[in-house]
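Here's the structure, in structure tokens; my notes come after.
Everything numeric in this text was worked out from a predicted model, so none of it was measured. For this chain, numbers begin at 1 and follow the sequence in order.
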Amino acid sequence: MKRISQFFYQNSNLKVVFLTTAIFMGYLVLVMIPKATGFEIPSSNVKSLGMSFGFDEVDIIAFFNARTDAMIASYINFNQVWDALFGLIYGLMYVVWISVLFKPFFDRVGNINLIPLAQVLFDWLENYALKTLAQQYSVDGTITPSTADLASAFCIIKWTFSGLTYIFILVGIILLIVRFFRTK
């Protein structure tokens with residue numbers, strides 16, 4: 001892990017930040033949003049289970065009940081392919097951001113630049129559990145409570161790491177501003 005962390009500290013710069021951010025934004029707008037329309041219900045409050053901070057069996061059943069078989073198949077595909085790629089893209093973008101912001105302190109902060117990869121891992125685990133639930137629901141109209149609880153736990157952990165990532169980025173920006181004014 002230390003080698004990977006050091007690789008990002010050494011190779012991340014503002015050009016890479018802007019490039020990864022542009023790729024993130026482009027993928028979000030050109031791929032994620034269009035692919036999500038295959039299972040979204042315009043009037044629904046819940047566009048995707050993974051966008052909420054946890055959910056329960058009732059939420060999952062209601063989500064699937066409101067969708068056709070084709071929409072559930074689209075949701076499975078979305079979680080397996082498009083959201084998995086999105087996790088990799090946003091994870092790398094956040095690693096680069098934190099690496100650039102904390103580069104002057106890398107010897108003191110260690111591997112914190114890799115924290116976004118934990119978010120990606122739990123996003124992937126959540127996607128796998130949701131895919132499993134969707135496939136089961138498609139077969140027999142039921143879901144396994146333990147898998148539902150696991151998917152929800154993965155979702156909560158994912159969002160916790162997401163919050164931690166944003167805190168690190170905010171702190172990094174504040175430190176950058178402080179360093180800027182100290183040199184003036």
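Side-chain contact between Phe8 and Leu114: present, with at least one pair of heavy atoms (C-beta onward) separated by less than 4.5 Å. Contact of the Phe161 side chain with the Leu164 side chain is registered, since non-hydrogen atoms from C-beta on lie closer than 4.5 Å. By the 4.5 Å heavy-atom criterion applied to side chains, Ser99 and Val95 are counted as neighbours. By the 4.5 Å heavy-atom criterion applied to side chains, Asp123 and Glu126 are counted as neighbours. Side-chain contact between Phe180 and Leu176 is absent, with no heavy-atom pair separated by less than 4.5 Å.
Remark: Leu175 CG to Phe105 CZ distance equals 4.5 Å, nearest 0.5 Å. The structure places CG of Asn111 at 10.5 Å from CG of Leu117, a figure rounded to the nearest 0.5 Å. We find the CG-CD1 distance between Leu101 and Ile173 to be 6.0 Å, quoted to the nearest 0.5 Å.
The two residues Val16 and Asn11 have their closest heavy-atom pair at CG2-O, 3.8 Å. The minimum heavy-atom distance between Ala148 and Ile143, with the atom names listed, is CB-CD1, 4.1 Å. Leu49 and Asp59 get closest at one heavy-atom pair: CD2-O, 4.2 Å. The minimum heavy-atom distance between Leu133 and Thr144, with the atom names listed, is CD2-O, 3.8 Å. The nearest pair of heavy atoms linking Gln119 to Lys158 is CG-O, 3.6 Å. Nearest heavy-atom pair across Ser52 and Cys155 is O-SG, 2.9 Å.
Side-chain N/O atoms of Asn65 and Tyr137 include a donor and acceptor closer than 3.5 Å.
In terms of modelled atom types and a separation under 3.5 Å, the side chain of Lys103 and the main chain of Ser12 share a donor-acceptor contact. In this structure, Ser5 contributes its side chain and Met1 its backbone to no donor-acceptor pair below 3.5 Å.
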Derivation of the side chain to side chain donor-acceptor pair (under 3.5 Å) call for Thr165 and Trp97: CA-CA 10 Å; Thr165 296; Trp97 268 94; over 6 Å; no
From CA spacing to verdict: side chain to side chain contact (heavy atoms under 4.5 Å, CB included), Asp149, Phe154: CA-CA 9 Å; Asp149 291 342; Phe154 291 150; over 6 Å; no
Phe24 and Tyr90: CA distance, side-chain angles, deciding distance, ring-ring contact (aromatic ring centres under 6.0 Å, His included) verdict: CA-CA 6 Å; Phe24 165 82; Tyr90 75 67; 7.2 Å; no
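Residues passing the ring pair (Phe, Tyr, Trp, His ring centres under 6.0 Å) test with Phe102, sequence neighbours excluded: none.
A cation-pi arrangement, defined by a distance under 6.0 Å to the six-membered ring centre and an angle within 45 degrees of its axis, is absent between Arg108 and Phe106.
Grouping Ile, Leu, Val, Met, Phe, Trp and Tyr residues whose side-chain heavy atoms lie under 4.5 Å apart, directly or via other members, places Phe53 in a hydrophobic cluster with Met51, Ile156, Trp159.
Met32 and Phe39 fall within the same hydrophobic cluster, defined by Ile, Leu, Val, Met, Phe, Trp and Tyr side-chain heavy atoms under 4.5 Å apart, directly or through other members.
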Anything under 3.5 Å between a donor and an acceptor, one on a side chain of residues 72-87, the other on a protein residue two or more places apart or in another chain? List them.
from: Asn79; atom 1: ND2; to: Tyr75; atom 2: O; distance (Å): 3.3
from: Asp83; atom 1: OD2; to: Asn127; atom 2: ND2; distance (Å): 3.1

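Taking the six-membered ring for Trp, Tyr94 and Tyr166 have ring centres closer than 6.0 Å.
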